[in-house]
2 protein chains.
Amino acid sequence: MRFKTPTSTVLYSIEETIKAYRKLSQQNITQVVPDITLDQTLILMMIKENDKTQTEIADLIFKDYASMTRIVKLMERKGFLLKLVDNQDKRKVKLEITEKGKKVIKKLKPTVKKNRETALHEISEEEQRQLFNVLKRITKNCQ
Amino acid sequence: MRFKTPTSTVLYSIEETIKAYRKLSQQNITQVVPDITLDQTLILMMIKENDKTQTEIADLIFKDYASMTRIVKLMERKGFLLKLVDNQDKRKVKLEITEKGKKVIKKLKPTVKKNRETALHEISEEEQRQLFNVLKRITKNCQ
DNA sequence: CAAATGTAATTGATATATCAAGTAAATTTC
DNA sequence: GAAATTTACTTGATATATCAATTACATTTG
């Protein structure tokens, strides 16, 4: 069998797609809140949903812990959240959203929703299920 | 309809999958050639297949031109390739693989092939086609 | 309980992503 | 054919990715 050119595999469509989606998302987010990134937005939303530590949130959004530390530092600097030491276990960091952060979430929720709808326009539930299924299997193959 | 948590969308499976694949690929590449990245490997392989300019190769692998400039600079520093000015159009950069670069390609070709096979293990041709199809539609939706 | 081991997070070094602004060469327009 | 526009690439600034090494605290073991 001939060697396929790097971009002729479906794996590169995956890259292409996620880049296109991230670009769209960032552009729309910037129009509503100019000084926040897509990743920061997702982190804010994840904090709100749970009461997890920094590391647990990192796992949820597939971030390396080192990246997470740095993203959180920037978010703290921008006043979106506060880092608090967990009193039960002083190694752990709890993240608390500031008022500014809450306002940002409120403003961006519709944007995030719209981005997803835009991306998944006319992709049926069944197709999404299949996509999810195949992606999960590929992920497992890689682990 | 309730607002979905950021990670409950298929869009985050896409991120998860590509990260897992890149990690696997990088680990296997490093075992064979310790000082090259996955992106650099793909660029080398794309140069070999075509006779394209730097910008054209950037487009093929979905790289921003600024990123491409920097990646190419590092690759030149490591001796994998040379940057040559196109004499027909002096704005354009042609990329030439060095002997060292050629050896690297030869060594890594089986690794790249194996990585793809690992990732796509037991994903049928039909599933790959469908995956490709849906991903392309999502990409278009985002553009 | 002191030593060994494990865990959560940080830091350093290097690579890549992205946008905006800039440069130099080529092409178009008037 | 000089001025305006476009094209190919570069540079600066900032954000994120990744691995390895380190720190601080927690838990386990002997």
Side-chain angles (χ1 to χ4, degrees), chain A residues 15-16 18-31 33-44 52-78 80-81 83-95, chain B residues 15-16 18-31 33-44 52-78 80 83-95 142:
Chain A
E15 278 230 50
E16 186 183 18
I18 201 63
K19 281 190 182 173
Y21 175 64
R22 290 185 65 92
K23 194 162 200 166
L24 167 83
S25 297
Q26 185 61 66
Q27 284 170 349
N28 290 334
I29 285 172
T30 301
Q31 285 190 1
V33 179
D35 65 336
I36 197 168
T37 67
L38 168 60
D39 290 314
Q40 292 173 6
T41 303
L42 294 180
I43 288 172
L44 272 190
K52 304 212 182 290
T53 64
Q54 183 174 307
T55 299
E56 287 167 334
I57 292 173
D59 284 333
L60 285 174
I61 56 175
F62 321 119
K63 293 284 174 204
D64 188 87
Y65 305 141
S67 296
M68 189 70 182
T69 295
R70 282 155 182 145
I71 298 173
V72 164
K73 194 174 286 172
L74 289 177
M75 292 178 76
E76 203 184 16
R77 191 178 302 162
K78 286 187 181 166
F80 296 135
L81 53 77
K83 302 183 74 158
L84 304 174
V85 173
D86 183 337
N87 276 323
Q88 258 59 49
D89 183 340
K90 287 178 182 168
R91 292 167 306 179
K92 293 183 180 174
V93 171
K94 292 279 183 180
L95 301 172
Chain B
E15 275 230 50
E16 187 183 16
I18 200 63
K19 280 190 182 173
Y21 175 63
R22 290 184 66 92
K23 195 161 199 167
L24 167 82
S25 297
Q26 185 62 66
Q27 283 170 349
N28 289 334
I29 285 171
T30 301
Q31 285 190 0
V33 179
D35 65 337
I36 196 167
T37 68
L38 168 60
D39 290 314
Q40 292 173 5
T41 303
L42 294 180
I43 288 171
L44 271 189
K52 304 213 183 288
T53 65
Q54 183 174 305
T55 300
E56 287 168 334
I57 291 174
D59 284 333
L60 284 174
I61 56 175
F62 320 120
K63 293 283 173 204
D64 187 87
Y65 304 140
S67 295
M68 189 69 184
T69 295
R70 283 156 182 144
I71 298 173
V72 164
K73 194 172 285 170
L74 289 178
M75 292 178 75
E76 204 185 14
R77 191 176 301 162
K78 286 187 181 167
F80 297 135
K83 302 182 73 157
L84 305 173
V85 173
D86 183 339
N87 276 323
Q88 259 59 51
D89 183 341
K90 288 177 181 169
R91 293 167 306 179
K92 293 182 179 173
V93 171
K94 292 279 183 180
L95 300 173
C142 293

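Numbered from 1 within each chain, the chains take letters A, B, ... in sequence-line order.
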* To do: Kindly say if A:Gln27 contacts the phosphate of C:dT18, meaning a side-chain N or O under 4.0 Å from OP1 or OP2.
  => no
* Of the listed nucleotides D:dT16, D:dA8, D:dA24, the one nearest the side chain of A:Gln40 -> D:dT16
* To do: Specify the residue among A:Lys23 and A:Lys92 whose closest nucleotide of DNA chain C lies further upstream toward the 5′ end.
  => A:Lys92
* Reckon A:Gln26 touches a base, only the sugar-phosphate, or nothing at all at heavy-atom distances under 4.0 Å? -> nothing
* Earlier contact from the 5' end, DNA chain D, for A:Lys90 and A:Leu74 -> A:Leu74
* What residues, two or more places apart in sequence or in another chain, satisfy salt bridge (Lys or Arg N to Asp or Glu O under 4.0 Å) together with A:Lys94? -> A:Asp51
* To do: Please check if atom NZ in B:Lys90 has more than 12 non-hydrogen atoms from other residues, nucleotides or ligands closer than 6.0 Å.
  => no
* Find the distance A:Asp35:CG to D:dT14:C1' and express it as a whole number of Å. => 13 Å
* Any side-chain heavy-atom pair from B:Lys78 and B:Ile36 closer than 4.5 angstrom? -> no
* Asked: Do the charged groups of B:Asp39 and B:Arg22 touch, with an N to O distance under 4.0 Å?
  -> yes
* Asked: Touch check for B:Asp89, heavy atoms < 4.0 angstrom, all strands: base, sugar-phosphate only, or nothing?
  -> sugar-phosphate
* Determine the contact category for A:Ser67: base if any of its heavy atoms lies under 4.0 Å from a base atom, sugar-phosphate if only primed atoms, P, OP1 or OP2 are that close, otherwise nothing. => base
* To do: Describe the nucleic acid contact of B:Lys94 in one word from base, sugar-phosphate, nothing, applying a heavy-atom distance below 4.0 Å.
  => nothing
* Beyond-backbone contact of B:Phe80 with B:Ile43, side-chain heavy atoms, under 4.5 angstrom -> no
* Send over the distance from A:Glu76 CD to D:dA15 C1', rounded to a whole Å. => 17 Å
* Distance check: side-chain N/O of A:Lys73 vs OP1/OP2 of C:dT11, anything under 4.0 Å? -> yes
* Keeping the roles fixed (side chain from B:Lys19, backbone from A:Phe62), state whether a donor-acceptor pair exists under 3.5 Å. => yes
* **Side-chain N or O of B:Lys83 closer than 4.0 Å to phosphate OP1/OP2 of D:dT10** => yes
* Specify the separation, in whole Å, of atom CG of B:Asp64 and atom P of C:dA20. => 11 Å
* To do: Report yes if a side-chain nitrogen or oxygen of B:Gln54 is closer than 4.0 Å to either non-bridging phosphate oxygen (OP1 or OP2) of D:dT10; otherwise report no.
  => yes
* Asked: Separation of B:Asn28 atom CG from D:dC19 atom P, in whole Å?
  -> 12 Å
* Rounded off to whole Å, could you give me the CG-to-P distance for the B:Leu84 and D:dA8 pair? => 18 Å
* To do: For A:Arg70, report the nucleic acid contact type (base, sugar-phosphate, nothing); a contact means any heavy atom under 4.0 Å.
  => base
* Asked: Between C:dA17 and B:Lys63, is there an OP1 or OP2 to side-chain N/O distance shorter than 4.0 Å?
  -> yes
* Asked: If you look at every strand shown and take non-hydrogen atoms under 4.0 Å, does B:Thr37 touch a base, only sugar-phosphate, or nothing?
  -> sugar-phosphate
* May I ask you to say what A:Asp86 touches in the nucleic acid, namely base, sugar-phosphate or nothing, with a heavy-atom cut-off under 4.0 Å? => nothing
* Structure fact -> A:Leu95 CG to C:dA8 P, in whole Å, measures 14 Å
* To do: Give a yes/no answer on whether the side chain of A:Lys78 brings an N or O atom under 4.0 Å of OP1 or OP2 in D:dA15.
  => yes
* To do: Could you check A:Asn87 against A:Leu38 and say which one's nearest nucleotide on DNA chain D is further toward the 5' end?
  => A:Leu38
* Asked: Expressed in angstrom and rounded to an integer, what is the separation of A:Asp59 atom CG from C:dA8 atom C1'?
  -> 11 Å
* Rounding to a whole Å, what distance do you find between A:Ile29:CD1 and C:dT18:P? -> 14 Å
